J.: 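Have a look at this one before I ask anything.
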There are 2 protein chains.
Amino acid sequence: MNTETIRNILRKHSLKVTPIRVQVLNVLLDSRVALSHADITERLDGEHVDKVTLYRTLNHFCEKNIIHKVANEERNWLYAIHIDDETHPEPDHAHAHFICDDCERIYCFPLTREAGSSVQTVKQGFLVTNQEIRLHGLCPSCQ
Amino acid sequence: MNTETIRNILRKHSLKVTPIRVQVLNVLLDSRVALSHADITERLDGEHVDKVTLYRTLNHFCEKNIIHKVANEERNWLYAIHIDDETHPEPDHAHAHFICDDCERIYCFPLTREAGSSVQTVKQGFLVTNQEIRLHGLCPSCQ
DNA sequence: ATGCTAAATGCAACTAAGTTGCAAATAATA
DNA sequence: TATTATTTGCAACTTAGTTGCATTTAGCAT
Ligand SMILES: [Mn+2]
Ligand SMILES: [Mn+2]
Ligand SMILES: [Zn+2]
Ligand SMILES: [Zn+2]
């Protein structure tokens, strides 16, 4: 993705435009799957980025809702751009995560509304306001 | 729950019957919600239990499928007995977890079959074999 | 009952993801 | 160009969970 577009995303969220932020955002925009801190560090190579700075950058992006985090099976955070396409205008957790049980990659999937609203009143006395769906299986390259 | 019943659960899974195992299983059988390592330690008080022994006990129970673990919002493990009632004869992940956004307690819920099978073919090329549903909201005592 | 042995326990040290504190550098604005 | 709030980098810290190893014990055979 074009650097100026990325710079504008940052400005839109009133974040200072710094080289690290541009590069990290670029890496995340380029990826079809959610990435770990280590994944991102690798893909930034050439440039040395301090691990704390990277964590803080990712947390900033999360607070601004530019990206979100999802835990993998080892319970480490993976980071992904918010899917923001026409088919999926809702905020927050209105999408599913697909976890490949072979390669362990995690993909963000938009959810159809009917699927999303199917598990509403499961048990008397509990009020469900939101849900998180994690789909397990095999991704195209692992079948 | 009666101690002899607990001893029999252990024997059924060819685990040696030890005081710690009996007590831990008793604590888990008594709880309506999933418990952390710290929660369990508290409820064992009187008896001192080494933290490593407790972790190993819990992992043993998981391997034998007597209990299962679920991550809380801080990504620490909580442990719960497998719900094993008539309404829910399937193995593995065929139940949902309800997370109270106020008190953070986690409950295991059986899932109706229709809800469980609603999110099957979400995206071309991805094979879904299993799913995990985390419901967020308010539990009865937090509304 | 007694002894034997594989499994369970307890303690200390370790691991690794993520955070905190603070001093030095820098982007935005005037 | 100067000012200042924000960002960065480094070191130290935190904490859940694991590993290694010596000691103890449950279950079983004699
Ligand atoms: Mn996602
Ligand atoms: Mn459960
Ligand atoms: Zn895969
Ligand atoms: Zn509650």
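In what follows, chains carry the letters A, B, and so on, assigned in the order in which the sequence lines appear, proteins first and then strands, with residues in each chain numbered from 1. In what follows, every heavy atom counts, from backbone to side chain, and hydrogens, waters and symmetry copies are set aside. These numbers were taken from a predicted model, which means no experiment stands behind them.
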J.: Give the cluster check for B:Val24 versus B:Ile67: same hydrophobic cluster or not, with ILVMFWY residues linked at side-chain heavy-atom distances below 4.5 Å.
T.: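 Both belong to a single hydrophobic cluster.
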
J.: Look up atom NE2 in B:His82 and atom NE2 in B:His68, then write down how far apart they are to the nearest 0.5 Å.
T.: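 Reported value, rounded in 0.5 Å steps: 5.0 Å.
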
J.: Taking for each residue the nucleotide of DNA chain D with the nearest heavy atom, is it B:Val17 or B:Tyr79 whose nucleotide lies nearer the 5' end?
T.: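 The residue closer to the strand's 5' end, by nearest nucleotide, is B:Tyr79.
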
J.: Any salt bridge linking A:Glu74 with B:Arg75? Criterion: basic side-chain nitrogen under 4.0 Å from a carboxylate oxygen.
T.: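 No, this pair does not count.
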
J.: Inspect the contact between A:Glu73 and A:Arg134 and indicate whether a charged nitrogen and a carboxylate oxygen are less than 4.0 angstrom apart.
T.: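 Counted as a salt bridge, because a side-chain N and a carboxylate O are separated by less than 4.0 Å.
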
J.: Run the side chain to side chain donor-acceptor pair (under 3.5 Å) test on A:Asp39 and A:Ser36 for me, step by step, so that the C-alpha distance in whole Å, both residues' side-chain angles and the decisive distance to 0.1 Å come before the verdict.
T.: CA-CA 5 Å; A:Asp39 293 333; A:Ser36 69; 3.1 Å; yes

J.: Please give, in whole Å, the distance from D:dT18 P to B:Glu63 CD?
T.: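 For the pair B:Glu63 CD and D:dT18 P, the rounded distance is 11 Å.
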
J.: To the nearest angstrom, how far is A:Glu74 atom CD from C:dT15 atom P?
T.: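 Distance, rounded to whole Å: 19 Å.
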
J.: To the nearest angstrom, how far is B:Asn76 atom CG from C:dT19 atom P?
T.: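 Distance, rounded to whole Å: 13 Å.
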
J.: Do B:Arg21 side-chain atoms and B:Lys16 backbone N/O form a donor-acceptor pair below 3.5 Å?
T.: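 It does hold such a pair.
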
J.: What is the distance, to the nearest angstrom, from the CG atom on A:Leu44 to the P atom on D:dT8?
T.: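 Result: 12 Å.
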
J.: So, does B:Tyr55 get its side chain near the phosphate of D:dG17, meaning an N or O under 4.0 Å from OP1 or OP2?
T.: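 Affirmative; the distance criterion is met.
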
J.: Could you state the CH2-C1' distance from B:Trp77 to C:dA17, rounded to the nearest angstrom?
T.: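 Atom CH2 in B:Trp77 sits about 15 Å away from atom C1' in C:dA17.
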
J.: Need one value for A:Asn59: base, sugar-phosphate or nothing, where a base atom within 4.0 Å counts as base even if backbone is also close, heavy atoms only.
T.: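 Sugar-phosphate: the residue A:Asn59, judged by heavy atoms under 4.0 Å, touches backbone atoms but no base.
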
J.: Can you find a donor-acceptor pair, distance only, under 3.5 Å between A:Lys51 side chain and D:dG9 base?
T.: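 Side chain to base: no pair present.
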
J.: Between the opening five pairs and the closing five pairs of the helix from C:dA1-D:dT30 to C:dA30-D:dT1, how far apart are the helix axes, to 10°?
T.: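 About 30° separates the two local helix axes.
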
J.: What's the CG-C1' distance between B:Asn72 and D:dG17, to the nearest Å?
T.: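 Value for this atom pair: 14 Å.
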
J.: A:Leu28 and A:Val33: same hydrophobic cluster, using ILVMFWY side-chain contacts below 4.5 Å?
T.: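 In one cluster: yes.
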
J.: Can you find a pair of side-chain heavy atoms, one from A:Gln131 and one from B:His136, that are under 4.5 Å apart?
T.: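 Heavy-atom side-chain distance check fails, nothing below 4.5 Å.
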
J.: A:Leu10 CG to C:dA27 P: how many Å, rounded?
T.: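 Rounded to whole Å, this separation is 13 Å.
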
J.: Each nucleotide in nucleotides 3-10 of chain C should get exactly one letter: B, S or -. Can you fill that in based on protein heavy atoms under 4.0 Å?
T.: ---BSSBB

J.: Nearest-Å distance, CZ (A:Arg75) to C1' (D:dG17)?
T.: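 These atoms are roughly 7 Å apart.
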
J.: Between the main-chain N or O of B:Leu54 and the side-chain N or O of B:His37, is there a donor-acceptor pair closer than 3.5 Å?
T.: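 Between the backbone of B:Leu54 and the side chain of B:His37 there is no qualifying donor-acceptor contact (under 3.5 Å).
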
